[in-house]
Amino acid sequence: QVQLVESGGGLVQAGGSLRLSCTASGRTFSLYAMGWFCQAPGKEREFVAAIGWNGGTTYYADSVKGRFTISRDNAKNTVWLQMNSLKPEDTAVYYCARATLPYSTSWYRTPRGANVYTDWGQGTQVTVSS
């Protein structure tokens with residue numbers, strides 16, 4: 001099990017940008033796919049973006065395509081979510097998660113599903129004002 005710590009959340013005006021970071025503590029996630037999910041008050045946790053273990057494959061929710069970019073640097077045990085053109089509806093707690101298995105074949109079939117992730121961070125709050 002790896003400890004994941006998110007940072008970079010905060011309050012931003014609509015149209016602004018934030019860059020979220022997720023860093024592994026204790027163990028590297030270099031061989032694991034990673035994902036970002038968000039959860040707004042009273043709503044289910046939703047998929048935002050995911051990236052393969054080597055950064056060669058990415059997936060995005062339709063609602064964030066063209067606005068958010070996921071990236072990673074395995075040497076730094078870090079994955080980022082660059083959030084541009086933020087909207088009030090983006091307001092939520094954002095969580096990073098590590099895929100259950102390294103080099104996971106199943107992840108490529110269902111990268112948007114929470115079921116293929118095992119380790120989760122504590123979350124970082126993103127608030128977008130109008």
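Numbering starts at 1 and runs along the sequence shown. Quantities reported herein were computed from a predicted structural model and do not represent experimental measurements.
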Exercise. Taking the side chain from Glu6 and the backbone from Gln122, do they hold a donor-acceptor pair closer than 3.5 Å?
Worked result: yes

Problem set entry | Gap separating the CG atom of Asp90 from the OG atom of Ser85, nearest 0.5 angstrom | 9.5 Å

Exercise. For Lys65, what residues pass the salt bridge (Lys or Arg N to Asp or Glu O under 4.0 Å) criterion, not counting sequence neighbours?
Worked result: Asp62

Problem set entry | SG on Cys96 to CD1 on Ile70, rounded to 0.5 Å | 9.5 Å

Problem set entry | Donor-acceptor under 3.5 Å (Arg112 side chain, Ala50 main chain) | no

Problem set entry | Separation between CD of Gln82 and CZ of Arg67, rounded to the nearest 0.5 Å | 12.0 Å

Exercise. Could you give the distance from CG (Asn77) to CG (Leu4), rounded to the nearest 0.5 Å?
Worked result: 10.0 Å

Problem set entry | Among Thr127, Val126, Leu86, side chain to side chain contact (heavy atoms under 4.5 Å, CB included) partner for Thr91 | Thr127

For this session: Report, as yes or no, whether the 6.0 Å neighbourhood of atom CD on Glu89 holds more than 12 heavy atoms from other residues, nucleotides or ligands.
Result: yes

For this session: Establish whether Val79 and Val5 are linked, either directly or via other cluster members, by ILVMFWY side-chain heavy-atom contacts under 4.5 Å.
Result: no

For this session: Grab the two heavy atoms, one from Ala24 and one from Val2, that are nearest each other, plus how far apart they are.
Result: CB-CG2, 3.7 Å

Problem set entry | Separation of Leu81 CG from Met34 CE (nearest 0.5 Å) | 11.5 Å

Indicate every side-chain donor-acceptor pair of residues 10-19 with a distance under 3.5 Å to a residue at least two apart or in another chain.
unit_1: Gln13; atom_1: NE2; unit_2: Ser129; atom_2: OG; d: 3.3
unit_1: Ser17; atom_1: OG; unit_2: Asn84; atom_2: OD1; d: 2.8

Exercise. About how many Å separate CG of Asp119 and OG1 of Thr100, when rounded to the nearest 0.5 Å?
Worked result: 8.0 Å

Exercise. Going through the distances and angles, do Trp36 and Met83 end up as a side-chain contact (heavy atoms from CB on, under 4.5 Å)?
Worked result: CA-CA 12 Å; Trp36 284 98; Met83 310 166 70; over 6 Å; no

Problem set entry | Summary of ring-ring contact (aromatic ring centres under 6.0 Å, His included) pairs that have at least one residue in residues 58-103, sequence neighbours excluded | Trp53-Tyr103, Tyr59-Trp107

